[in-house]
Amino acid sequence: MEEELLALLSGAVAWRVSWGSLGEDDGLPRAAIYRQGGERDHTMRGPAGMTSRVQIDCYGETFAEAIGASRALRQVLEGYRGGVILGAFLKSVRDDLPEDVGPLRRVSMIFSVVHRD
């Protein structure tokens with residue numbers, strides 16, 4: 001799921017999207033993806049895939065740049081189905097105060113991603 005999600009989002013925008021960190025690039029906007037956790041789904045026949053909670057943090061020099069980046073990624077991912085991803089659903093969005101992230105502005109989105117292993 002991780003590789004497929006990263007490829008999907010990276011291929012949809014002209015700026016850097018990284019898994020687990022902001023990456024080495026200093027250009028803005030940019031985004032970082034993290035899996036906060038996941039639960040295995042089961043049926044009476046055994047394992048039936050996973051539901052992962054995925055956080056996407058979008059950063060910009062200004063709030064407008066950060067929110068614009070989040071909207072671009074949201075448009076690609078919300079409702080997406082393909083490959084091992086059976087469905088991606090936006091659960092929440094959060095804006096940070098300037099003192100929370102220093103000189104950058106951040107918009108965080110939490111998605112529930114249902115996927116096969």
Side-chain angles (χ1 to χ4, degrees):
M1 182 272 302
E2 295 87 342
E3 297 86 356
E4 196 166 312
L5 187 58
L6 181 59
L8 172 70
L9 297 177
S10 293
V13 295
W15 34 271
R16 185 172 180 86
V17 178
S18 302
W19 192 278
S21 73
L22 278 178
E24 300 300 320
D25 189 2
D26 61 357
L28 293 171
R30 61 183 185 228
I33 307 170
Y34 309 90
R35 180 178 11 200
Q36 292 184 330
E39 295 181 7
R40 177 164 303 284
D41 299 321
H42 294 273
T43 68
M44 296 302 284
R45 295 182 183 173
M50 294 278 295
T51 300
S52 293
R53 187 173 169 92
V54 175
Q55 179 172 326
I56 303 174
D57 293 336
C58 297
Y59 294 87
E61 188 173 341
T62 64
F63 177 73
E65 190 173 47
I67 195 76
S70 74
R71 288 176 180 153
L73 293 181
R74 177 181 176 175
Q75 185 175 14
V76 173
L77 188 56
E78 191 170 26
Y80 176 80
R81 293 180 61 167
V84 300
I85 298 173
L86 304 175
F89 311 97
L90 182 66
K91 293 296 186 182
S92 65
V93 178
R94 177 181 74 235
D95 304 336
D96 287 324
L97 298 173
E99 58 270 16
D100 291 340
V101 291
L104 300 179
R105 301 297 173 256
R106 177 175 66 184
V107 174
S108 297
M109 300 179 289
I110 306 292
F111 282 86
S112 177
V113 179
V114 181
H115 59 94
R116 293 189 293 274
D117 286 337

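Counting from 1, the numbers follow the sequence of the chain as shown.
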Quick one: are [X] and [Y] in side-chain contact, heavy atoms under 4.5 Å?
X: Arg35; Y: Val113; result: no
X: Cys58; Y: Met109; result: yes
X: Arg71; Y: Val93; result: no
X: Ser70; Y: Ile56; result: no
X: Val13; Y: Val76; result: no

Heavy atoms only: give me the nearest [X]-[Y] pair and the separation to one decimal.
X: Gly60; Y: Ala66; answer: N-CB, 3.8 Å
X: Tyr80; Y: Glu4; answer: OH-OE2, 4.5 Å
X: Ser112; Y: Thr51; answer: OG-CG2, 3.3 Å
X: Ala32; Y: Ser21; answer: CB-O, 3.3 Å

Do [X] and [Y] land in one hydrophobic cluster if side-chain heavy atoms of ILVMFWY residues count as linked below 4.5 Å?
X: Ile110; Y: Leu6; answer: no
X: Leu28; Y: Leu9; answer: no
X: Tyr34; Y: Leu8; answer: no
X: Tyr59; Y: Val17; answer: no

Can a donor-acceptor pair be found, under 3.5 Å and without considering hydrogens, that links the side chain of [X] to the backbone of [Y]?
X: Arg81; Y: Leu86; result: yes
X: Arg116; Y: Met1; result: no
X: Glu2; Y: Trp19; result: no

Distance, nearest 0.5 Å, that separates [atom1] of [X] from [atom2] of [Y]:
X: Trp15; Y: Arg30; atom1: CH2; atom2: CZ; result: 11.5 Å
X: Phe89; Y: Glu78; atom1: CZ; atom2: CD; result: 10.0 Å
X: Phe111; Y: Ile85; atom1: CZ; atom2: CD1; result: 11.0 Å
X: Thr62; Y: Leu104; atom1: OG1; atom2: CG; result: 10.5 Å
X: Leu90; Y: Leu73; atom1: CG; atom2: CG; result: 11.5 Å
X: Asp117; Y: Met50; atom1: CG; atom2: CE; result: 6.0 Å

#### Entry: Check: Ser92/Arg94 side-chain N/O donor and acceptor closer than 3.5 Å
no
### Query
Is the number of heavy atoms from other residues, nucleotides or ligands under 6.0 Å of Gln36 CD greater than 12?
yes
### Query
Around Gln75, counting heavy atoms of other residues, nucleotides and ligands shown, do more than 12 lie under 6.0 Å from its CD?
no
